[in-house]
Amino acid sequence: MSLASSHDAVVIGSGHNGLVAAAALAKAGWSVVVLEAEDTPGGCVRSGEVTLPGVVHDLYSTNQNLFKQSPPYRAWEEDFERHGLRFAHSDTPFCNVFEDGTAIRVVADLDRTAAELAQRSPADARGLRQLNERFQDFQKVFLPLYGHALPSAGAAGVLAKGVATLGVERTLELAGMLLGSTRELGESYFETPEAQALLTTWGLHMDFGPDVSGGAVFPLMETFSNIEGGMVVAEGGASKIPQALCAMIEENGGTVRTGARVTRILTDGGRATGVEIEGGEQIGAGKAVVANLMPQAIFGRLLGDVPLPDEFEHKVEGYQHGPGTFMLHLTLDGPVPWAAGADLADFAYVHVPPTVDDLARTYQQSLAGLLPDSPLLIVGQTTAVDPTRAPDGTHVLWIQVRTVPGTIAGDAAGEIDATDWAGAAEPFVERVLHKLERFAPGVRERVVGQHAMSPVDLERHNANLVGGDSIGGSAHFRQNFLFRPFPGWSRYEMPVEGLYLCGAAAWPGPGNNATSGWLVAERLTSGVPWKEVALGTAATGAVGAALWSMLSPSGD
């Protein structure tokens with residue numbers, strides 16, 4: 001069959017990283033087409049009216065701090081604003097509530113947050129300031145790595161500069177802290193169980209149960225980036241982000257096609273040369289195919305007949321997903337009546353754990369396939385940040401329930417008999433609302449609209465969310481940093497020439513960081529062979545060569 005059309009690059013999937021890659025390539029003069037299976041672009045960055053007309057909910061992700069700080073947003077801020085993307089900001093980013101009717105409030109001010117902790121324990125306030133010093137060290141040494149491919153000359157250079165600034169001993173102490181669990185992080189700096197839970201809760205936004213090593217990084221980043229800058233959401237809905245990116249692609253000559261499900265990646269002589277979409281149409285890619293997909297979809301479904309090294313196939317089979325997520329979208333006719341104080345209705349997030357041990361139990365129950373008896377509720381009060389989402393007097397709640405099993409083996413509470421989500425979703429919503437009611441008496445009376453999405457629903461709407469895994473693959477150390485998605489394949493190039501991976505399965509992993517798409521486009525437009533990018537200059541060549549020797553599958 002002849003090719004219907006041909007482009008320099010074909011991007012499979014319109015998640016934000018795929019769109020960023022396409023926009024950067026289009027801006028560089030490449031002819032590019034994005035192919036999206038669903039009817040609406042955006043992947044997990046989407047909004048919609050799912051409860052009542054005129055009420056806009058972020059369907060999946062809502063906190064856009066990472067995107068606002070990302071390389072493409074900083075580079076194209078004027079373009080984004082011109083195409084309608086603006087951010088609504090909250091100086092009251094998050095708080096945790098507890099069984100005794102109290103809360104700990106984290107605001108965009110270190111002194112005020114320390115004063116809040118001091119009311120409960122002066123030692124906790126001191127611990128917060130000490131941990132902030134560690135965060136400042138982290139920003140000097142390790143945070144810059146998130147903007148570079150791993151391994152690469154750029155990464156080696158920023159790491160060497162950071163170590164020179166901080167010193168080897170202090171850097172090693174920091175690294176040791178980051179390799180610890182979220183429970184260890186909390187216990188090292190805070191005296192009270194409540195303050196410890198403040199950190200540990202952030203771990204379950206990812207797939208870090210309280211006792212998983214390496215979990216300390218994300219809570220450190222989230223807690224103190226919120227203290228430094230608050231939290232933002234996209235004004236008018238998360239879909240404003242992909243809409244702006246699509247507009248940028250099209251104004252630079254690119255194309256975004258929805259309802260175009262890719263069924264096969266075409267190859268010739270071991271090189272990716274294009275794709276075939278449902279219905280048989282074939283589209284050529286003269287320079288690159290960029291896949292914003294999970295590895296199993298690429299190598300199990302789209303490249304099923306292409307021979308691959310046995311070792312690589314084993315790595316694909318071993319790619320691990322984390323526990324599932326359950327989403328509950330609510331519309332209320334009044335603010336949430338939090339028992340800990342009416343002011344909590346102004347916070348972007350209210351975490352309802354309430355203790356570290358609760359979180360540990362929830363995580364273990366999910367891994368065992370059990371519906372948790374008291375799951376973590378991450379309550380996003382969207383209209384507190386962006387009032388444009390709903391008519392006056394109406395309030396939007398975004399509740400992410402973490403963690404839950406993708407496949408149900410039973411119920412930890414012994415109350416729900418169903419072992420499939422079709423039967424379990426409705427009683428599980430009742431469990432979620434019952435827990436919310438304990439911390440906000442009377443909230444159920446204010447619900448005027450609701451929409452639930454189980455792990456099965458999440459995967460049906462977005463095939464990358466395997467088993468309802470909202471982070472696109474476990475972020476545990478064995479599958480993170482240099483090891484994402486697999487050891488030896490962390491630099492976006494895949495073993496089929498001309499095929500590149502971006503998205504949550506690629507470094508720096510999940511979250512709306514927009515970085516892997518940016519780095520893939522940077523690699524493609526630089527004209528520099530990837531090995532030279534990795535090895536770099538003489539100053540960092542030794543580091544790069546050592547890393548290359550350890551991680552390159554061919555050893556060259």
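Numbers here are sequence positions counted from 1.
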Open item on the list: Any salt bridge linking Arg134 with Glu173? Criterion: basic side-chain nitrogen under 4.0 Å from a carboxylate oxygen.
Closed with: no

Task: Tyr492 to Ala149 - nearest heavy-atom pair and separation - done: CE1-CB, 3.8 Å

Task: His451 and His329 aromatic ring geometry - parallel, tilted or perpendicular at 30°/60° bounds - done: parallel

- [ ] May I ask you to say whether Asp386 pairs ionically with Lys240, meaning some side-chain N is under 4.0 Å from a carboxylate O?
- [x] no

Task: Flag for Gln130-Glu133: side-chain donor and acceptor within less than 3.5 Å - done: no

Open item on the list: Quick one, Glu437 with Arg444, criterion salt bridge (charged side-chain N to carboxylate O under 4.0 Å, His left out). Give me CA distance, side-chain angles, the key distance, then yes/no.
Closed with: CA-CA 7 Å; Glu437 181 81 15; Arg444 297 189 68 160; 5.1 Å; no

Open item on the list: Any side-chain to backbone donor/acceptor pair from Asp207 onto Ala475? Under 3.5 Å, distance only.
Closed with: yes

Open item on the list: Between Arg86 and Glu235, does any side-chain N to carboxylate O distance fall below 4.0 Å?
Closed with: no

Open item on the list: Using ring pair (Phe, Tyr, Trp, His ring centres under 6.0 Å), reason through Phe94 and Trp202 one step at a time and then give a plain yes or no.
Closed with: CA-CA 11 Å; Phe94 76 95; Trp202 280 109; 5.1 Å; yes

Open item on the list: What verdict does the ring pair (Phe, Tyr, Trp, His ring centres under 6.0 Å) test give for Phe208 and Phe218, after you've listed the backbone C-alpha separation in whole Å, the side-chain angles of each residue and the deciding distance to 0.1 Å?
Closed with: CA-CA 9 Å; Phe208 288 104; Phe218 190 67; 8.1 Å; no

Open item on the list: I'd like to know if the side chain of Asn513 and the backbone of Gly511 have a donor-acceptor N/O pair within less than 3.5 Å.
Closed with: yes

TODO: Decide yes or no for Pro455 and Asp469: does some side-chain heavy atom of the first lie under 4.5 Å from some side-chain heavy atom of the second?
DONE: no

Open item on the list: Between Phe326 and Leu458, is there a side-chain heavy-atom distance shorter than 4.5 Å?
Closed with: no

TODO: Would you check, one step at a time, whether the test side-chain contact (heavy atoms from CB on, under 4.5 Å) holds for Phe138 with Val217?
DONE: CA-CA 9 Å; Phe138 173 80; Val217 178; 4.1 Å; yes

Task: From Thr182, Leu198, Thr200, residue fulfilling side-chain contact (heavy atoms from CB on, under 4.5 Å) relative to Pro219 - done: Thr182

- [ ] State whether Lys435 and Asp373 are salt-bridged, where the test is any N-O pair (Lys NZ or Arg NE/NH1/NH2 against Asp/Glu carboxylate O) under 4.0 Å.
- [x] no

Open item on the list: Quick check: do Gln139 and Gln136 have side-chain heavy atoms less than 4.5 Å from each other?
Closed with: yes

Open item on the list: Looking at Ser366 and Thr403, would you say the former's side chain and the latter's main chain have a donor-acceptor pair under 3.5 Å?
Closed with: yes

TODO: Measure the CD1-OG1 distance between Ile378 and Thr201 for me, rounded to the nearest 0.5 Å.
DONE: 8.5 Å

Open item on the list: How close do Ala514 and Trp518 get, counting heavy atoms only, and between which atoms?
Closed with: O-CB, 3.5 Å

Task: Separation of Leu501 CG from Ser490 OG (nearest 0.5 Å) - done: 11.0 Å

Open item on the list: Once rounded to the nearest 0.5 Å, what's the spacing between atom OG1 of Thr62 and atom CZ of Arg389?
Closed with: 5.5 Å

Task: CD/Glu445: more than 12 non-hydrogen atoms of other groups inside 6.0 Å - done: no

TODO: Evaluate the criterion side-chain contact (heavy atoms from CB on, under 4.5 Å) for residue pair Val212 and His476; output intermediate values, then yes/no.
DONE: CA-CA 8 Å; Val212 177; His476 291 181; 3.7 Å; yes

- [ ] Ignoring hydrogens and angles, tell me if any N or O in the side chain of Tyr363 forms a donor-acceptor pair with the backbone of Arg402 under 3.5 Å.
- [x] no

Open item on the list: I'd like to know if the side chain of Ser47 and the backbone of Ser239 have a donor-acceptor N/O pair within less than 3.5 Å.
Closed with: yes

Task: Main-chain N/O of Val466 paired with Glu459 side-chain donor or acceptor, under 3.5 Å - done: no

Open item on the list: Would the distance check show the side chain of Arg491 and the main-chain N or O of Ser152 forming a donor-acceptor pair, the cut-off being under 3.5 Å?
Closed with: no

Task: Min side-chain heavy-atom separation Asn17-Cys502 under 4.5 Å - done: yes

Task: Closest contact, heavy atoms only, Pro335 versus Ala345 - done: CB-CB, 3.9 Å

Task: Test item: Asp58 side-chain N/O and Ala238 main-chain N/O as donor-acceptor pair under 3.5 Å - done: yes

TODO: Tell me, yes or no, whether the heavy-atom count around Arg129 atom CZ, taken from other residues, nucleotides or ligands under 6.0 Å, exceeds 12.
DONE: yes

Task: Gln381 side-chain N/O to Leu344 backbone N/O, donor-acceptor pair under 3.5 Å - done: yes

Open item on the list: Quick check: Tyr349 with Trp398 (ring centres under 6.0 Å apart)?
Closed with: yes

Task: Val448 side chain reached by Thr51 side chain, heavy atoms, under 4.5 Å - done: no

Open item on the list: Measuring from atom OG of Ser61 to atom CD1 of Ile241, what distance do you get when rounded to the nearest 0.5 angstrom?
Closed with: 7.0 Å

TODO: Evaluate the side-chain contact (heavy atoms from CB on, under 4.5 Å) criterion for residues Phe142 and Leu159: first the C-alpha distance (whole Å), next the side-chain angles of each, then the deciding distance (0.1 Å), finally the verdict.
DONE: CA-CA 7 Å; Phe142 294 114; Leu159 183 60; 4.1 Å; yes

Task: Nearest non-hydrogen partners of Pro151 and Leu482, listed with the distance - done: N-CD2, 3.6 Å

Open item on the list: Keeping Gln479 on the side-chain end and Gln320 on the backbone end, is there a donor-acceptor pair under 3.5 Å?
Closed with: yes

Open item on the list: Measuring only between side-chain heavy atoms, which start at C-beta, is Phe481 closer than 4.5 Å to Leu150?
Closed with: yes

Open item on the list: Ring centroids only, cut at 6.0 angstrom: are Phe439 and Trp338 within range, meaning strictly under it?
Closed with: no

TODO: Would you sort out whether Asn65 and Ser225 count as a side chain to side chain donor-acceptor pair (under 3.5 Å), showing the intermediate values?
DONE: CA-CA 9 Å; Asn65 280 11; Ser225 64; 4.8 Å; no

Task: Spatial distance of atom CD1 (Ile227) from atom CG (Leu128) [nearest 0.5 Å] - done: 5.0 Å

Open item on the list: Using a 6.0 Å cut-off, check whether atom CD of Glu426 has over 12 heavy atoms from anything other than its own residue.
Closed with: no

- [ ] Flag the pair Thr331 / Glu49 as yes when at least one side-chain heavy-atom distance between them is below 4.5 Å, and no otherwise.
- [x] no

TODO: Could you tell me which non-hydrogen atom of Trp76 sits nearest to which non-hydrogen atom of Val20, and how far apart they are?
DONE: CH2-O, 3.8 Å

Task: Working for side chain to side chain donor-acceptor pair (under 3.5 Å), residues Ser374 and Asp358 - done: CA-CA 7 Å; Ser374 182; Asp358 284 325; 5.2 Å; no

Open item on the list: Set out, in order, the CA-CA distance, both residues' side-chain angles and the distance that settles side chain to side chain donor-acceptor pair (under 3.5 Å) for Thr102 and Arg120, then state yes or no.
Closed with: CA-CA 10 Å; Thr102 65; Arg120 192 177 296 267; 3.1 Å; yes

- [ ] Could you pull out the closest heavy-atom pair between Gly237 and Val56, with the gap in Å?
- [x] CA-CG1, 4.1 Å

Open item on the list: Please report the interatomic distance CG(Leu110) to CZ(Phe224), rounded to the nearest 0.5 Å.
Closed with: 7.0 Å

- [ ] Side-chain contact test, heavy atoms from C-beta onward, threshold under 4.5 Å: evaluate it for Thr383 versus Thr394 and give yes or no.
- [x] no

TODO: Please lay out, stage by stage, how Val106 and Glu222 fare under the test side-chain contact (heavy atoms from CB on, under 4.5 Å).
DONE: CA-CA 11 Å; Val106 173; Glu222 279 292 340; over 6 Å; no

